[in-house]
Amino acid sequence: MAKGITSREESYADWYNEIVKKAGLADHSAVRGCMVIKPYGFAIWEKMQAQLDKRFKETGHVNAYFPLFIPKSFLSKEAEHVEGFAKECAVVTHHRLMNDPNGNGVIVDPTAKLEEELIVRPTSETIIWNTYKDWIKSYRDLPLLINQWANVVRWEMRTRMFLRTAEFLWQEGHTAHTTKGEAVAEARQMLDVYAEFAEEYMAMPVIKGRKTANERFAGAEDTYTIEALMQDGKALQSGTSHFLGQNFAKAFDVKFLNQNQKEEYVWATSWGVSTRLMGGLIMTHSDDNGLIVPPKLAALHAVIVPIPKPGAEIDEAAMKIMAALKEKGISVKYDTDAKKRPGFKFAEYELQGVPVRIGIGKRDLEKGVVELARRDTGEKTQVPVDAAASAIEQLLEDIQNNLFQKALDYRTEHTSSADDFDTFKQILEEKGGFVKAHWDGTVETEKKIKELTKATIRCIPLDNEQEEGKCILTGKPSKERVLFAKAY
RNA sequence: CGGGGCGUAGCGCAGUCCGGUUAGCGCACCUGUUUUGGGAACAGGGGGCCGCAGGUUCGAAUCCUGCCGCCCCGACCA
């Protein structure tokens, strides 16, 4: 393990990449824009999945799986939707390889051309709605509440590990309802699920809001979002939930017979979060010593480091603490590697973001105590061996709360208001973060502001205060402030 | 797709301008000894299609031509 990593101040991008690689979360792969998620990173993702999946099921959803490939023709059925994704699709054109007659390995067999090309799904609305057509006949078939855990591919021009990769893992919920009201309520409910998960588990405060028409999902009537603020003052869209209206029902002709024996198109939603959340997790909490993982998502809660090395008495104390932790459901590893010195281990586990380190040293043990070090603050305390497990339990809770509070404080400090364009620009340039400002409600103004400042409207907060004002760019009247920021 | 950078051991790099012994350094790895309370020291050892393909030359990591790939910054997007 290399000594030290680039500081956030020196280069935020380098810092981020080094955390990802050196903490063992992921690596660049041989394929452009695609990453290998390594065991340690995948373990954290699995914890996220487990929690989210549990909540989806508690809210009545079931999991299913749809094909990776989508016939090209499906994508042309919903005009806006195609337009949104057309530029970034991977296309399968052939189904066979053959030996190169010139002896240069294998080539695509030109005779194995597909009659209709297949698109590697960038999202599954089309294949799913094509299927729902057969599943939905009556109001009794509704609501249909399905989620799938899958990989999708979007041929992005520029990629960054976890934040934007050509292939990424996600879940996508696709639901069908009898009424508009029910579908909107579903979209809102799932946004709440995401927000609760982000705040309670990831310790990442988010702002719930609605996207402007310009930022809306291709094919949606309304897009809800949770927006988080990263340590460099840029916003990260961390989850979205869409009210799709009847667009896909009409495009794929999905009708049901209502109780009055009349045919109606169904109302739809879709919602998703992805491995991008990993990027949010990293950029919300980590520091210049490495990764910091909130206890509720940590692959490993605590690690025991024998000082200076394992031995009968230290082993005994370690076993005792491990047994007590096990009972409390706290995961712990006893690092018995005698070839590495304590200092090395301290640095290594800090890099990996293990929330609590238990140092068991000969000297301390004579006094019957061990040392607890918390990753978030670096603070060290001494506790009696018998009290260690309950102290650690408390510490994990404290760390979880502290991480959330710290992130919330950062966001509060980096949320400003601007009433004129110069101030607006200055805040974005000097301080970053969210800026609340009035906007005249037009796409043109939104685009112009983006052009001038690189900031976009992250959302119109759901609980937004109504307030008369003037658009910072055009001076036209506005009835509420919207949330601007530069974004990932 | 525009701008920049890079491809040499698992990782990080030097060597390339100006061709010439056996391609080198740090970390990691293996063996041994002494160590061990914040990234140990010494000794010995293993590991290379120098991105790929052509060319120039007595001789190419180095020069020429072509190709491929990756990263960073921007425009596009979760």
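Each chain gets a letter, A, B and so on, in the order its sequence line appears, and its residues count up from 1. Quick note: numbers below take in every heavy atom, side chains included, and nothing from hydrogens, waters or symmetry partners.
With a 3.5 Å ceiling on both atom-pair distances, the Watson-Crick or G-U wobble partner of B:G7 is B:C68. The partner of B:C13 is B:G24, by the rule that a Watson-Crick or G-U pair needs both atom distances under 3.5 Å. When both distances must be under 3.5 Å, the Watson-Crick or G-U wobble mate of B:C29 is B:G45. Partner assigned to B:U56 is none, using Watson-Crick or G-U wobble distances below 3.5 angstrom. Taking a pair to require two hydrogen-bonding distances under 3.5 Å in either a Watson-Crick or a G-U wobble arrangement, B:G2 pairs with B:C73. Across every strand in view, B:C18 sits unpaired, with no contact that passes the Watson-Crick or G-U test at under 3.5 angstrom.
Side-chain atoms of A:R357 lie closest to B:G38 of the nucleotides B:A40, B:G38, B:G37. Between B:G39, B:G37, B:G38, one nucleotide has an atom nearer to the side chain of A:R363 than all others, and that is B:G37. For A:A13, the side-chain atoms get nearest to B:C73 when compared with the rest of B:G39, B:U36, B:C73. Here the side chain of A:N17 is nearest to one of B:C77, B:C72, B:A40, namely B:C72. Listed candidates were B:G38, B:U35, B:U31. Nearest to the side chain of A:K339 is B:U31. For A:K450, the listed nucleotide lying nearest its side chain is B:C76; candidates were B:G74, B:G37, B:C76.
Taking the six-membered ring for Trp, A:Y132 and A:F252 have ring centres at least 6.0 Å apart. Within the 6.0 Å centre-distance limit, the rings of A:F217 and A:H81 are counted as a close aromatic pair. For A:F85 and A:W155, the ring centers sit 6.0 Å or farther from each other.
If you measure from atom CZ of A:F344 to atom C1' of B:C29, you get 13 Å, rounded to the nearest angstrom. For the pair A:Q352 CD and B:G39 C1', the computed distance is 14 Å after rounding to whole Å. Distance A:L163 CG to B:C71 P: 14 Å, rounded to the nearest Å. If you take NE2 of A:H28 and P of B:G51, they are 20 Å apart, rounded to a whole angstrom. For the pair A:K340 NZ and B:G38 P, the interatomic distance rounds to 18 Å; values are reported in whole Å. If you take CZ of A:R164 and C1' of B:A75, they are 12 Å apart, rounded to a whole angstrom. The nearest whole Å value for the distance from the CG atom in A:N214 to the P atom in B:C76 is 10 Å. Atoms CD (A:Q237) and P (B:C76) sit 15 Å apart, rounded to a whole Å.
Contacts between residues 147-160 of chain A and RNA chain B, defined by a heavy-atom separation below 4.0 Å, involve A:R154, A:E156, A:M157, A:R158, A:T159, listed by number.
More than 12 heavy-atom neighbours from other residues, nucleotides or ligands sit within 6.0 angstrom of CD on A:E196. Counting non-hydrogen atoms of other residues, nucleotides and ligands closer than 6.0 Å to CH2 of A:W170 gives a total above 12.
Under a 3.5 Å cut-off, the side chain of A:R121 and the backbone N or O of A:V153 do not form any donor-acceptor pair. Between the side chain of A:E313 and the backbone N or O of A:G361 there is no donor-acceptor pair closer than 3.5 Å. Distance alone, capped at 3.5 Å, places no donor-acceptor pair between the A:D53 side chain and the A:F56 backbone.
Using a 4.5 Å heavy-atom threshold, the side chains of A:E186 and A:F243 count as separate.
Geometrically, A:K77 engages A:F74 in a cation-pi contact, judged by NZ or CZ lying under 6.0 Å from the ring centre and within 45° of the ring axis.
Comparing B:A14 with B:A53, their P atoms sit 24 Å apart, to the nearest whole Å. Annotation: B:A9 and B:C67 have their P atoms spaced 25 Å apart (nearest Å). Taking atom C1' on both B:C42 and B:U21, the two are 30 Å apart, rounded to the nearest angstrom. Between the C1' atoms of B:U56 and B:C63, the separation comes to 8 Å (whole Å). B:G51 and B:G3: their C1' atoms are spaced 23 Å apart (whole Å).
Base engagement by A:F168 is indicated by at least one non-hydrogen atom pair under 4.0 Å involving a base atom. Contact annotation for A:E172: no contact, since no heavy-atom pair falls under 4.0 Å across all strands. A:T240 comes within contact range of no nucleotide atom at all, as no heavy-atom separation falls under 4.0 Å.
On a pure distance criterion of 3.5 Å, a polar donor-acceptor pair joins the side chain of A:K380 and the base of B:G38. Residue side chain A:E348 does not reach the base of B:G38 through any donor-acceptor N/O pair under 3.5 Å, judged by distance alone.
Residue A:F346 is the one, among A:F346 and A:G84, whose nearest nucleotide of RNA chain B lies closer to the 5' end (criterion: closest heavy atom). If A:E88 and A:P342 are placed on RNA chain B by their nearest nucleotide, the residue sitting closer to the 5' end is A:P342.
Residue A:E350 is tested with A:R357, A:R374, A:R375 for a salt bridge (charged side-chain N to carboxylate O under 4.0 Å, His left out); the sole match is A:R357.
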Nucleic acid footprint by protein, nucleotides 5-14 of chain B - heavy-atom cut-off 4.0 Å, B for base, S for sugar-phosphate alone: ----------
Taking it one step at a time, do A:K339 and A:D337 satisfy salt bridge (charged side-chain N to carboxylate O under 4.0 Å, His left out)? CA-CA 6 Å; A:K339 283 179 186 160; A:D337 187 346; over 6 Å; no
